[in-house]
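Worksheet for the structure shown next.
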Amino acid sequence: KILDVLCDSETASIGGVTDDLIDVNKNGTTIFTTQSRRPTLTKLDTGFFARGVIEVTTLAAGDIISYDVDQIDTTGSARFKIIILVGQQE
């Protein structure tokens, strides 16, 4: 079961044109089916992203978990740390 997704940015964009968005996928499909619920870092900000609302939490043996940077400000660079917490099904 996917319990949480934590994202942290060490650097901020320079121009502050757009927010940064992270997406997490299970077998190539987002776990944030409502796209506005993805983890978001407000433009010009650093630190932890606002937490997303995970809508797909189930996992099975052999599932592949991946992430994408769906949107990033084009006027700067960023270094992200992404942690996906997984626990046992209750």
Side-chain angles (χ1 to χ4, degrees):
K1 180 176 181 178
I2 301 171
L3 302 174
D4 205 352
V5 174
L6 303 172
C7 306
D8 181 37
S9 178
E10 295 178 24
T11 58
S13 60
I14 298 167
V17 176
T18 185
D19 296 340
D20 296 338
L21 299 172
I22 300 292
D23 199 1
V24 175
N25 303 295
K26 179 179 97 170
N27 299 323
T29 302
T30 183
I31 65 172
F32 301 102
T33 53
T34 305
Q35 291 294 285
S36 62
R37 294 182 168 184
R38 293 173 291 176
T40 304
L41 183 67
T42 305
K43 58 187 171 187
L44 295 175
D45 204 359
T46 60
F48 281 98
F49 283 51
R51 281 194 164 136
V53 178
I54 301 169
E55 295 163 296
V56 176
T57 61
T58 59
L59 289 173
D63 282 345
I64 297 172
I65 301 297
S66 61
Y67 72 89
D68 301 310
V69 178
D70 282 353
Q71 180 174 293
I72 191 166
D73 197 309
T74 58
T75 57
S77 61
R79 286 188 282 178
F80 297 117
K81 292 178 263 184
I82 299 171
I83 301 170
I84 302 168
L85 300 175
V86 177
Q88 290 186 351
Q89 184 92 4
E90 293 183 10

Fill in: Pair I54-V5, side-chain contact (heavy atoms from CB on, under 4.5 Å): steps then yes or no
CA-CA 8 Å; I54 301 169; V5 174; 4.0 Å; yes

Discussion item. Walk me through whether I65 and V86 qualify under side-chain contact (heavy atoms from CB on, under 4.5 Å).
Written reply: CA-CA 10 Å; I65 301 297; V86 177; 5.6 Å; no

Practice prompt. Could you walk me through whether I2 and I84 pass side-chain contact (heavy atoms from CB on, under 4.5 Å), step by step?
Written response: CA-CA 7 Å; I2 301 171; I84 302 168; 4.2 Å; yes

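Residues that satisfy the side-chain contact (heavy atoms from CB on, under 4.5 Å) test with I64, not counting sequence neighbours, are N27. Among residues two or more places apart in sequence or in another chain, the side-chain contact (heavy atoms from CB on, under 4.5 Å) test is passed with T40 by D19, L21. By the side-chain contact (heavy atoms from CB on, under 4.5 Å) test, T33 pairs with E55, V56, sequence neighbours left out.
In this structure a side-chain-to-backbone donor-acceptor pair under 3.5 Å is missing from N25 to Y67.
Taking CD1 of I83 as the reference point, atom CG of L3 lies at 13.0 Å (rounded to 0.5 Å). Between the CD1 atom of I22 and the CG atom of D70 there is a distance of 7.5 Å, given to the nearest 0.5 Å.
Closest non-hydrogen pair, F49 versus L41, comes out as CD2-N, 3.4 Å. Pairing each heavy atom of T58 with each of K26, the nearest pair is O-NZ, 3.0 Å.
With respect to R38 and D23, no salt bridge is recorded, no charged nitrogen being found less than 4.0 Å from a carboxylate O.
Both V24 and V69 belong to a common hydrophobic cluster when Ile, Leu, Val, Met, Phe, Trp and Tyr are linked at side-chain heavy-atom distances under 4.5 angstrom.
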